[in-house]
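Input: a single structure, listed below in C-alpha cells.
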Amino acid sequence: MNADSLPIGLFDSGVGGLTVLAAIQRRMPNENLLYLGDTARLPYGTKSPGTIARYALQAASKLVALRIKLLVIACNTATSTALPDLRRHFAPLPVIGVIEPGAAAAVESSRKAHVAVIATEATIGRGAYQEALQRLQPGIRVTSKPCSLLVALAEEGWLEGRECESVVARYLNPIFKNEDAPDCLLLGCTHFPLLLNPIRNILNPDVRIVDSAETTAQCVLDELASTGLLRKNRNKGKVRFFTTDDPERFVHTGSLFLGAALPLNSVQLVDL
Ligand code: DGL
C-alpha cells in the first residue's frame, strides 16, 4: 500500500475524541481513519501521570501496529502527559496533540490577552495549556480550572436543563462574574463542546469560546500536505472504530459526540 493511502490513527480515553475525528472528516473526507476509544479505562482525567502515560502508550501502540501514517492524540489529558514520550517512542511517525492547536486558537481569539481554560484535573495539573499559551504569547494571563464533573454530564447526555446549567454555573461564575474577567474560554477537554449551549447561556455574549477540534484538524491537514502524504485517491475514506469496552455503549454515546449514527458493525472490541 502507498504511504498516502495508510490511515490516520486517532485515540482518546473514550468517545470525546470523535469531535476531532469529525473535524478531520470535514476537511479531508477521502482520508482513511482508525479511531480507538479506551472506554474501559475512562476517565483518564482523574488518573496519575504514570497511569495516563502507560495507557496512552498502549493505545498508541495498538494503532501503530495496524500501520498508520500519522497519529493524533485526540485527548487533552493524554496530550498533556504523553505527547513528548509518544513522539520520541514512535519517531519518525508524526504525532499531533490537541493542546498546541487549542492554545493557538485561544491566542487568536482573545483581544485582552486573558484566557480561561477549563479541562480535567490532570490536564490543568500538568500546566500544559498554561505553558502552551505562554509560549505562543508571553505575558498572556491564564485562569485555569479543573471541571471534572462536566465529563460525566456529557457522557450521561445531560446537555441542557436545570441540573446541567447549575453545575456549569458553579464552575464558571467565579471566573466570569467579575470586572476583570477573561474574554475567551478555551474548552480544554474533548467532552466540553457538547455543553456549548449551557456554557453560552451563562457567559456574556462577547466572551469567545474556542475548542481544539478544528485547529487540530487543520494541523493534520498542514502536516500531511507538507510531507506529501495527503491521500491521492479522491474516493470517500473508510473509518474503523476500536473500543476497549462494550461496542453497543460506544455506538450509543459515540453517536452523540459525532452528531451522526455510528453503525455497530464498524466498531470492534479490542484488548490493550
Ligand atoms: N478525553 C479527556 C480529555 O480530553 C476527557 C475524558 C477523560 O477524563 O478521560 O481530557
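Each ligand, and each atom within it, is numbered from 1 in the order the structure gives.
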With a cut-off of 3.5 Å and sequence neighbours excluded, list every side-chain donor-acceptor pair involving residues 6-16.
{"unit_1": "Asp12", "atom_1": "OD2", "unit_2": "Gly14", "atom_2": "N", "d": "3.2"}
{"unit_1": "Asp12", "atom_1": "OD2", "unit_2": "Gly16", "atom_2": "N", "d": "3.0"}
{"unit_1": "Asp12", "atom_1": "OD2", "unit_2": "Gly17", "atom_2": "N", "d": "2.9"}

Item to check | Near-ring test Tyr35/Phe242, centroid separation under 6.0 angstrom | outcome: no

Would you list the atom pairs, donor with acceptor, under 3.5 Å between side chains in residues 196-206 and any protein atom, with sequence neighbours excluded?
{"unit_1": "Asn201", "atom_1": "ND2", "unit_2": "Glu165", "atom_2": "OE2", "d": "3.0"}
{"unit_1": "Asn201", "atom_1": "ND2", "unit_2": "Asn197", "atom_2": "O", "d": "3.4"}
{"unit_1": "Asn204", "atom_1": "OD1", "unit_2": "Asp206", "atom_2": "N", "d": "3.2"}

Checklist entry - What are the two closest heavy atoms between Ser212 and Val98, and how far apart are they? => result CB-O, 3.1 Å

In a table with atom names and distances, give each donor-acceptor pair under 3.5 Å that connects a side chain of residues 178-189 to protein atoms at least two apart or in another chain.
{"unit_1": "Asn178", "atom_1": "OD1", "unit_2": "Asp180", "atom_2": "N", "d": "3.0"}
{"unit_1": "Asn178", "atom_1": "OD1", "unit_2": "Ala181", "atom_2": "N", "d": "3.3"}
{"unit_1": "Asn178", "atom_1": "ND2", "unit_2": "Ile175", "atom_2": "O", "d": "3.1"}
{"unit_1": "Asp180", "atom_1": "OD1", "unit_2": "Arg141", "atom_2": "NH2", "d": "3.1"}
{"unit_1": "Asp180", "atom_1": "OD2", "unit_2": "Arg141", "atom_2": "NH1", "d": "2.8"}
{"unit_1": "Asp183", "atom_1": "OD1", "unit_2": "Ser110", "atom_2": "OG", "d": "2.6"}
{"unit_1": "Asp183", "atom_1": "OD2", "unit_2": "Arg111", "atom_2": "N", "d": "3.0"}
{"unit_1": "Asp183", "atom_1": "OD2", "unit_2": "Lys112", "atom_2": "N", "d": "3.0"}

Would you mind listing each N/O atom of ligand 1 next to any protein N/O under 3.5 Å, plus the distance?
{"unit_1": "ligand 1", "atom_1": "1 (N)", "unit_2": "Asp12", "atom_2": "OD1", "d": "2.8"}
{"unit_1": "ligand 1", "atom_1": "1 (N)", "unit_2": "Ser13", "atom_2": "OG", "d": "3.2"}
{"unit_1": "ligand 1", "atom_1": "1 (N)", "unit_2": "Thr190", "atom_2": "OG1", "d": "2.9"}
{"unit_1": "ligand 1", "atom_1": "4 (O)", "unit_2": "Asn76", "atom_2": "N", "d": "3.0"}
{"unit_1": "ligand 1", "atom_1": "4 (O)", "unit_2": "Asn76", "atom_2": "ND2", "d": "3.0"}
{"unit_1": "ligand 1", "atom_1": "4 (O)", "unit_2": "Thr190", "atom_2": "N", "d": "3.0"}
{"unit_1": "ligand 1", "atom_1": "4 (O)", "unit_2": "Thr190", "atom_2": "OG1", "d": "3.2"}
{"unit_1": "ligand 1", "atom_1": "8 (O)", "unit_2": "Tyr44", "atom_2": "N", "d": "3.4"}
{"unit_1": "ligand 1", "atom_1": "8 (O)", "unit_2": "Gly45", "atom_2": "N", "d": "2.9"}
{"unit_1": "ligand 1", "atom_1": "9 (O)", "unit_2": "Ser13", "atom_2": "OG", "d": "2.6"}
{"unit_1": "ligand 1", "atom_1": "9 (O)", "unit_2": "Tyr44", "atom_2": "N", "d": "2.7"}
{"unit_1": "ligand 1", "atom_1": "10 (O)", "unit_2": "Thr77", "atom_2": "N", "d": "3.1"}
{"unit_1": "ligand 1", "atom_1": "10 (O)", "unit_2": "Thr77", "atom_2": "OG1", "d": "2.6"}

Item to check | Closest contact, heavy atoms only, His114 versus Ile140 | outcome: N-CG1, 4.4 Å

